[in-house]
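This report concerns only the one structure given below.
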Amino acid sequence: MANQGATRPNRPNTGNKMCQFKLVLLGEFAVGKSSLVLRSVKGEFHEFQESTIGVKFEIWNTAGQEWYHSLAPMYYQGAQAAIVVYDITNEGSFARAKHRVKELQWQTTPNIVISLSGNKADIVNKRAVDVQEAQSYVDGNGLLFMETSAKASMDVNEKFMAIAKNLPKDKPENPGTNMARERGVDLTDPAQPARSQCCSH
Ligand code: GTP
Ligand code: MG
C-alpha cells in the first residue's frame, strides 16, 4: 500500500502524528465507487501538506454486484468509516444504499462514521433522487451527506475531509489487514489541532 505521507518530498518534519483508519466503500454496481477513489487519490490531497494532523485512509473498494453482498460482513469488519454511494440518476440505487446503511448500522461499531454520497451530480437533466429527500433521510439517521461528481471533481475531496473531521482521532483502532486494498490515502487537515494521544505510523 502506498504511504504517500512518508515518501512525499518537501514535507516538513513537524513531528506530527498520523492516524490510520479503515474506510469501506459500498454501493450498487456502477454508481461510481471506483471513480470516486480514483478522483480522490489523483486529486487535491497534496495541497494539504503542512498540516498538524495527518489522517491516512485505508480504502477498501469493492464491486457492487449483488453476489458480493454475502461477503459484506467480512468487508465491514474493523471499519471506522464508510461511504455509501448511490447514483442520483438511479432511484433504485438510492433505495439499495439505504439498505447498506442499515446493514452497517447493525453490523459495525456504533461510532462508525457513515457518509452517504449522491454521485453523478453532474448529470443534472437525469436526476431521479431529490436532494431534499436524501437530506431528510440523512438527517433522520445521523449520517454525513454530500452530492458528488467524480467526473466533474465536485465535492469528492470535501467528502473525505468531512469524514476525517468526524473520526475520533484520540481513540484510534487498527484497521484490518488481511484483504486486498485499493489504495492508502493521506489526508491532512490544517483546521485540526494536534492531539498527543493520536496514533503514530
Ligand atoms: P462497480 O465496481 O461495478 O460496482 O462500479 P463502481 O461503483 O465502481 O462504478 P465506476 O466507478 O466503475 O463507474 C461506473 C460508470 O459511471 C463509469 O462509466 C464511470 O465513468 C461513470 N461515472 C462514475 N462517476 C461518475 C460521475 O460522477 N459522473 C458521471 N457522469 N459518470 C460517472
Ligand atoms: Mg468499482
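Along the sequence shown, residues are numbered consecutively beginning with 1. All values derive from a computational prediction rather than experimental measurement. Just so you know, these numbers use all the heavy atoms, side chains as well, and skip hydrogens, waters and symmetry mates. All ligand and atom numbering here is 1-based and tracks the order in the structure.
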Please identify which atoms of ligand 1 are closer than 4.0 Å to at least one heavy atom of [X].
{"X": "Ile123", "answer": "30 (N)"}
{"X": "Phe29", "answer": "3 (O), 4 (O)"}
{"X": "Ser149", "answer": "27 (O)"}
{"X": "Ser35", "answer": "10 (P), 11 (O), 13 (O), 19 (C), 23 (C), 24 (N)"}
{"X": "Lys33", "answer": "1 (P), 4 (O), 5 (O), 6 (P), 7 (O), 8 (O), 9 (O), 11 (O)"}

Checklist entry - Is atom NZ of Lys151 surrounded by more than 12 heavy atoms (other residues, nucleotides or ligands) closer than 6.0 Å? => result no
Checklist entry - Does a sphere of radius 6.0 Å around CD in Gln105 hold more than 12 heavy atoms from other residues, nucleotides or ligands, not counting ones at 6.0 Å or beyond? => result yes
Next on the checklist: Below a 4.0 angstrom heavy-atom separation, can you tell me which part of Asp122, side chain or backbone, both or neither, approaches ligand 1?
Outcome noted: side chain
Checklist entry - Of the listed options (Ser34, Gly27, Ser153), which comes nearest to atom 12 (O) of ligand 1 when hydrogens are ignored and any heavy atom counts? => result Ser34
Checklist entry - Who gets closest to atom 22 (N) of ligand 1 by heavy atom: Lys151, Glu28, Lys120? => result Lys120
Checklist entry - What residues form a side chain to side chain donor-acceptor pair (under 3.5 Å) with Thr148, not counting sequence neighbours? => result Ser117, Asn119
Checklist entry - Judged by modelled atom types alone, do Lys159 and Ser115 share a side-chain donor-acceptor pair under 3.5 Å? => result yes
Checklist entry - With sequence neighbours left out, what residues match Gln107 under side chain to side chain contact (heavy atoms under 4.5 Å, CB included)? => result Pro73, Tyr76, Glu103
Next on the checklist: Quick test of your reading: applying salt bridge (charged side-chain N to carboxylate O under 4.0 Å, His left out), list the pairs with at least one residue in residues 119-131, sequence neighbours left out, ordered by first then second residue.
Outcome noted: Asp87-Lys120, Arg127-Glu147
Next on the checklist: Please verify the inter-ring angle class for Tyr137 with Phe94; under 30° counts as parallel, over 60° as perpendicular, anything in between as tilted.
Outcome noted: perpendicular
Next on the checklist: Please give me the protein atoms (N, O or S only) lying under 2.8 Å from the Mg ion (ligand 2), ordered by chain and number.
Outcome noted: Ser34 OG
